Amino acid sequence: MPISPYPSLTAALLAWYDRHHRDLPWRVSPLRQARGERADPYHIWLSEVMLQQTTVQAVKPYFLKFLSLWPTVKDLAAAPVEDVMAAWAGLGYYARARNLKKCAEAVAAEHAGIFPDTEEGLRALPGIGDYTSAAVAAIAFDRPAAVMDGNVERVISRLYAISDPLPGSKPAMKAKVRALTPEERPGDFAQAMMDLGATICTPKRPACALCPFNGDCLALKEHDPERFPEKVAKKEKPVRQGAAFVAVSQEGRILLRRRIDSGLLGGMTEVPTTAWTARADGGSTPDHAPFDADWQMAGVVTHVFTHFELRLTVFRTRTETEIATNGWWHAVTDLDSQALPTVMKKAITQAIPLAFTRDGG
DNA sequence: TATTCGTGGCC
DNA sequence: TGGCCAAGAAT
């Protein structure tokens, strides 16, 4: 009997992956790899950036839309940044879209349209950090990089019953991943760890009976895998308030602006708003409207961001002339072409309930 | 090391 | 129903 080239845990996981891997639009399955197909580095990179802190189900339609609009990294590099932001609208964490464009430009201009094939080379590109550089190196280029995301942290913390809380325990967990990562099939190993975390070793009610690690898992031996991974307590979310102003002209156009490139919703499109402050009375009056008009209160929209909750009082008015010192007027029936984040779509819908329906209200 | 960055689904 | 979570990066 030949000696396995892998640690036994690694071999068990790869065997599980061969039978139970998920089919994903950017993935080349083990069977297709055996027929000689290779993962496309552009597809892997694009999917990995979209998947940062984002679920597979949310990413799928965006991934297919981007490939349709921009089939190669050179196409993406040549695209207007406004088009990229509009295509990304709704997916969140918009710095990813700005860095995606910068990264495509760097690959096109400095690497002749070919992605670097090492972890270090990838790590130097915009929007590519520790996780994404390792993931692309392993999945697209068969480099034995140690890939650790939230799924892997959960699997490893349970397998070894690591009690120290994240993020402090990250280096120790990374060492465990490195020891398990094989020279052969490192990309499949990384994807297998993440599939395992997504489908078996889930945060709540893990399906330990189906897990290839269930004979070795220390958390399972202790009868409480759900308590891992431990995490440091997070602080509570403050509430901020502000006002948003929806002006519609007689021609059926709405006043829009572009947010500055840095910070929250950077580079995205918005309706005029006040600053969002912690003051309880901020935003309840139309004092800071973009121009004098008969502003009517349309309602209050609540939106929860990562680190604060926003209560936005929405005002609306109809104008005869299209006054605008900064910004532009855009047809209400064509708002899908704009880079409007979800909170702005909520505000517009509060003022114009049918804005995003077929007839545009 | 700690904070800032979206959004939607889930129980 | 509200807290938790998702293939994290930049600063």
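From a predicted model like this one, the values you see are computed outputs, not experimental measurements.
One side chain, D294(A) or Q296(A), offers a donor N or O that lies under 3.5 Å from an acceptor on the other. Donor-acceptor pairing under 3.5 Å is recorded for the side chains of R96(A) and T54(A). A donor-acceptor contact closer than 3.5 angstrom is absent between the side chains of H307(A) and K237(A).
Rounded to whole Å, atom C1' of dC5(B) lies 10 Å from atom CD of Q53(A). Distance NZ (K345(A)) to C1' (dT7(B)): 12 Å, rounded to an integer number of Å. Here the P atom of nucleotide dT3(B) and the CG atom of L264(A) are 17 Å apart, to the nearest Å. Across the protein-nucleic acid pair, F63(A) atom CZ and dA7(C) atom C1' stand 13 Å apart, rounded to whole Å. Whole-Å rounding puts the W45(A) CH2 to dG8(C) P distance at 17 Å. One can place CE of M194(A) at 12 Å from C1' of dG8(C), the figure rounded to the nearest angstrom. Rounded to a whole Å, the CG atom of L46(A) is 13 Å from the C1' atom of dA7(C). Rounding to whole angstrom units, CD1 of residue I260(A) and P of dT4(B) are separated by 16 Å.
K174(A) and D130(A) are not joined by a salt bridge, as no carboxylate oxygen comes within less than 4.0 angstrom of a charged side-chain nitrogen. Look at E119(A) and R143(A) and you find no salt bridge, because none of the NZ, NE, NH1 or NH2 atoms lies under 4.0 Å from a carboxylate O. D195(A) and R27(A) are joined by a salt bridge, as a carboxylate oxygen and a charged side-chain nitrogen come within less than 4.0 angstrom of each other. A salt bridge does not link E309(A) to R240(A): none of the charged side-chain nitrogens sits closer than 4.0 Å to a carboxylate oxygen.
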Show every donor-acceptor pair shorter than 3.5 Å between a side-chain atom in residues 75-92 of chain A and any protein atom, with sequence neighbours excluded, or say none if there are none.
| from | atom 1 | to | atom 2 | distance (Å) |
| --- | --- | --- | --- | --- |
| D75(A) | OD2 | T72(A) | N | 3.1 |
| D75(A) | OD2 | T72(A) | OG1 | 3.0 |
| W88(A) | NE1 | G92(A) | O | 2.9 |

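In this structure, G168(A) reaches neither bases nor backbone, as no heavy-atom distance under 4.0 Å exists between it and the strands shown. I139(A) comes within 4.0 angstrom of no nucleic acid atom, judged by non-hydrogen atoms across all strands. V49(A) comes within contact range of no nucleotide atom at all, as no heavy-atom separation falls under 4.0 Å. Residue contacts for L265(A): at a heavy-atom cut-off of 4.0 Å it reaches the sugar-phosphate backbone alone, with no base atom in range. Contacts of R205(A) with the nucleic acid, taken as non-hydrogen atoms under 4.0 Å apart, are absent. Residue P341(A) is in sugar-phosphate contact alone, with no base atom involved, counting any heavy-atom pair closer than 4.0 Å across all strands shown.
If you take atom C1' in dG6(B) and the same atom in dC4(C), they sit 15 Å apart, rounded to whole Å. Taking the C1' atom of each, dT11(C) and dA7(C) are spaced 22 Å apart, rounded to whole Å. Annotation: dC5(B) and dA6(C) have their C1' atoms spaced 15 Å apart (nearest Å).
Under the 30°/60° scheme for interplanar angles, the aromatic rings of W26(A) and F63(A) are found to stand perpendicular. Between W295(A) and F291(A), the angle of the ring planes lies from 30° to 60°, which puts this pair in the tilted group. Note on ring orientation: taking the six-membered ring where Trp is involved, the planes of F66(A) and W70(A) are perpendicular (angle over 60°, cut-offs 30° and 60°).
Annotation: proximity of residues 70-77 of chain A to DNA chain C (heavy atom, distance under 4.0 Å) is found for no residue. Less than 4.0 Å separates DNA chain C from at least one heavy atom of each of the following residues of residues 150-164 of chain A: G150(A), N151(A), R154(A). The stretch residues 224-240 of chain A touches DNA chain C through K234(A), each having a heavy atom within less than 4.0 Å of the strand.
With sequence neighbours left out, N151(A) forms a side-chain hydrogen bond (donor to acceptor under 3.5 Å, both in side chains) with D149(A), R154(A). Residues that satisfy the salt bridge (charged side-chain N to carboxylate O under 4.0 Å, His left out) test with R98(A), not counting sequence neighbours, are absent from this structure. Residues passing the side-chain hydrogen bond (donor to acceptor under 3.5 Å, both in side chains) test with R318(A): none are found, sequence neighbours excluded. For E251(A), the side-chain hydrogen bond (donor to acceptor under 3.5 Å, both in side chains) criterion is met by S249(A), not counting sequence neighbours.
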Distances for protein N or O near nucleotides 9-11 of chain C N or O, under 3.5 Å:
| from | atom 1 | to | atom 2 | distance (Å) |
| --- | --- | --- | --- | --- |
| dA9(C) | OP1 | G129(A) | N | 3.0 |
| dA9(C) | OP1 | T132(A) | N | 2.9 |
| dA9(C) | OP1 | T132(A) | OG1 | 2.7 |
| dA9(C) | OP2 | D130(A) | N | 3.4 |
| dA9(C) | OP2 | Y131(A) | N | 3.2 |
| dA10(C) | OP1 | G127(A) | N | 2.5 |

Between N or O atoms, less than 3.5 Å apart, protein on one side and nucleotides 8-11 of chain B on the other: list the pairs.
none

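For D149(A), the side-chain atoms get nearest to dA7(C) when compared with the rest of dC5(C), dA7(C), dG6(B).
Applying the salt bridge (Lys or Arg N to Asp or Glu O under 4.0 Å) test to every pair with at least one member in residues 212-223 of chain A, sequence neighbours left out, gives these pairs: E222(A)-R227(A). Screening residues 43-67 of chain A for salt bridge (Lys or Arg N to Asp or Glu O under 4.0 Å), with sequence neighbours left out, gives no hits.
When the side-chain nitrogen and oxygen atoms of H307(A) are compared with OP1 and OP2 of dT4(B), none of them lie within a distance under 4.0 Å.
Not one N or O on the side chain of E153(A) forms a donor-acceptor pair closer than 3.5 Å with the backbone of M173(A).
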